[in-house]
Amino acid sequence: MILIFAAPVHANCTTYGSGSFKTTTGSDGNTYTTQKLGNTSITNGQNNRTGTSWNQTNRSFGSGMSTQSGTDSRGNNYSCTTINGITTC
């Protein structure tokens with residue numbers, strides 16, 4: 001199973017912050033925060049309608065290798081590794 005989350009692009013959204021920390025609120029009220037620390041990005045999402053949240057940490061190691069881990073909106077943990085475009089979880 002491959003689970004990769006990203007904050008969706010909203011036609012109407014508001015983004016605050018710059019550089020290494022940003023918060024985006026979509027027209028649907030959902031909120032996404034992303035913090036970048038070197039080769040690591042941490043994203044947290046909050047669904048305004050359901051009250052659920054999720055998080056994901058991405059780490060890039062260069063040479064086509066990265067890891068993704070986090071907790072989905074149902075509380076399930078996951079961890080994946082991508083090497084040269086092939087992801088295994």
- Task: Go through the steps for Thr43 and Thr34 under the test side-chain hydrogen bond (donor to acceptor under 3.5 Å, both in side chains), then give the verdict.
- Result: CA-CA 4 Å; Thr43 302; Thr34 300; 3.2 Å; yes

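- When only modelled atom types and interatomic distance are considered, Gln35 and Thr33 share no side-chain donor-acceptor pair under 3.5 Å.
- Between Tyr16 and Phe21, every side-chain heavy-atom pair lies at or beyond the 4.5 Å cut-off.
- How far CH2 of Trp54 is from CZ of Arg74: 15.5 Å, rounded to the nearest 0.5 Å.
- The shortest heavy-atom contact between Gly51 and Gln46 is O-NE2, 3.0 Å.
- When every heavy atom of Asn30 is checked against every heavy atom of Arg49, the shortest pair comes out as OD1-N, 4.2 Å.
- For the residue pair Thr24 and Thr15, a side-chain donor N or O sits within less than 3.5 Å of a side-chain acceptor on the partner.
- At a cut-off of 3.5 Å, with distance as the only test, no side-chain donor of Thr52 or Ser73 sits close to an acceptor on the other residue.
- Here the closest heavy-atom approach between residue Tyr78 and residue Asp72 is recorded as CE2-N, 4.0 Å.
- Taking every heavy atom of both residues into account, Ser63 and Asn84 meet most closely at O-OD1, 3.7 Å.
- Under the 4.5 Å side-chain criterion, counting only non-hydrogen atoms from C-beta, Phe61 is in contact with Asn39.
- Between the side chains of Asn58 and Ser41, not a single donor N or O lies within less than 3.5 Å of an accepting N or O.
- A heavy-atom distance below 4.5 Å is not found between the side chains of Thr71 and Asn76.
- Considering Thr82, Thr81, Ile83 in turn, Thr82 is the only one that fulfils the side chain to side chain contact (heavy atoms under 4.5 Å, CB included) rule with Ser66.
- For the pair Thr31/Thr23, a side-chain contact is recorded, criterion being any heavy-atom separation below 4.5 Å from C-beta on.
- A donor-acceptor contact shorter than 3.5 Å is absent between the side chain of Gln56 and the backbone of Ile42.
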